[in-house]
Number of protein chains: 2
Amino acid sequence: MDTKEHILSVAQKLVQQRGYNGFSYADIAEQVGIRKASLHHHYATKSELGIALLVSYSAQLDDELQRINALPAKADVKLAAYAAIFRGSLKAERMCMVGMLASEWLTLDPAMLPSLKRFFERNVEWLTEVLAEGKSQNLFSLPGSAADHARILLSALQGALLIARATGDHAAFDGTASLLIKSITGKG
Amino acid sequence: MDTKEHILSVAQKLVQQRGYNGFSYADIAEQVGIRKASLHHHYATKSELGIALLVSYSAQLDDELQRINALPAKADVKLAAYAAIFRGSLKAERMCMVGMLASEWLTLDPAMLPSLKRFFERNVEWLTEVLAEGKSQNLFSLPGSAADHARILLSALQGALLIARATGDHAAFDGTASLLIKSITGKG
DNA sequence: GTCTATAACGAGATAGAC
DNA sequence: GTCTATCTCGTTATAGAC
């Protein structure tokens, strides 16, 4: 991994754990093993780094969604795989990076906001497709639009991750996630 | 309102809007109309202020839940009144203060954490009671435990507020909240 | 209880040598 | 591309007068 990627990886972890306003260039420098000033050669300003983080994180999301799309699985399994992404974050004691940034959005460089919004839209779009797919396969019984259910899923997983990480109650997250999926796949 | 309460009120708004690491004593001083140094007479340190904020915010929650309990209404109406609290925050462009603090919990004074956890527990307990009440009134048809449904409700409302505030999509919040309640009160 | 003044530190960022 | 050295500003917090 070259230095630029190493910086990005460390910075992403710091945002997910401490928030954008909760870490400094000194923290990155320490973990990457170079001096603060050298960071500015790769990312001149902190908000430039923030924008790069959003681009990188969105690409990671696309990779994950494509990986799930490629599974030889039905829609219900895809939903479980999607929820497992959040479960993995919880295990690593990290928030979704964009969920974290969303909480701080009023303090962010406005240039970061478009990709932040786009990230959530991408999640809702993908979930809406999977829900529609499950509907056409007669796997799901959904009162209300697929898009509204998609937003419930995204919101509930973000909120459950937020709360479970702070309370340390991982079992509560599991209960929430499995009941969420159960309530979509139907009771029978 | 005396100065101490005024400080608390301004600080609470700042945490809800910008996060605990996103505002300073200078911001409070400017809005309260006194000097930075005077703030330390009322709250010696920032984490002392943070703890006072959690005590005050928890008391506000108790007031709201008691107000809803006192309504001459059935469980479904109480759930809608609970969701309306979050809707009010969104309208004021504020996060739930404790949801905000939860995202930053790794950077907080550990003394703040017990009341933070207690806040979420209080929400889940109350929601669990209302859901059980609705069940006994034959208003709700719930697969899974009332506590798990309570956690879905809390998580989804926290997440929907987080996302809708950042994206500016208030209609998405409304769709999420109403479908959440609809899916509990049943389709008939 | 509020003020001025200031301490002590950490932040993001820059200059210029190597 | 990384370093040392430094700048400027904002942060929490304190001392002591009024």
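The figures here come from the full heavy-atom set of this structure, side chains too, leaving out hydrogens, waters and symmetry mates. Since we're looking at a predicted model, the values are computed, not measured. We name chains A, B, ... by the order of the sequence lines, and we start the count at 1 in each one.
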Give a yes/no on whether any side-chain N or O of B:His41 is located under 4.0 angstrom from OP1 or OP2 of C:dG1.
yes
Establish, from distance only, whether the side-chain atoms of A:Tyr82 and A:Asn123 form a donor-acceptor pair under 3.5 Å.
yes
cation_pi(A:Lys13, A:Phe23) dist<6.0 Å, angle<=45:
no
In this structure, would A:Phe120 and A:Ile85 fall into the same cluster of hydrophobic residues linked by side-chain contacts under 4.5 Å?
yes
State the CG-CD distance between B:Leu162 and A:Gln158, to the nearest 0.5 angstrom.
6.5 Å
Taking the side chain of A:Ser38 as heavy atoms from C-beta outward, which of D:dA15, D:dT2, C:dT2 is closest to it?
D:dT2
Rounded to the nearest Å, what distance is computed from the CD atom of residue B:Glu30 to the P atom of nucleotide C:dT2?
17 Å
Between B:Gln12 and B:Gln16, is there a side-chain donor-acceptor contact under 3.5 Å, judged purely by atom types and distance?
yes
To the nearest Å, how far apart are A:His42 NE2 and C:dA13 P?
15 Å
Could you tell me if B:Lys4 sits above the aromatic ring of B:Tyr43, with its cationic atom closer than 6.0 Å to the ring centre and no more than 45 degrees from the axis?
yes
For C:dT2, does either OP1 or OP2 sit under 4.0 Å from a side-chain N or O belonging to B:Thr3?
yes
Between A:Thr167 (side chain only) and A:Ile163 (backbone N and O only), is there a donor and an acceptor less than 3.5 Å apart?
yes
Sort me out a list of protein N/O and nucleotides 9-12 of chain C N/O pairs below 3.5 Å, or just none if empty.
residue	atom	partner	partner atom	Å
C:dA11	OP1	A:Ser24	OG	3.1
C:dG12	OP1	A:Lys46	NZ	3.2
C:dG12	OP2	A:Tyr25	N	2.8

Please collect all salt bridge (Lys or Arg N to Asp or Glu O under 4.0 Å) contacts where either partner lies in residues 36-55 of chain B, sequence neighbours excluded, each pair once.
none
At what angle, to 10 degrees, do the two end axes of the helix from C:dG1-D:dC18 to C:dC18-D:dG1 meet, given five pairs define each axis?
0°
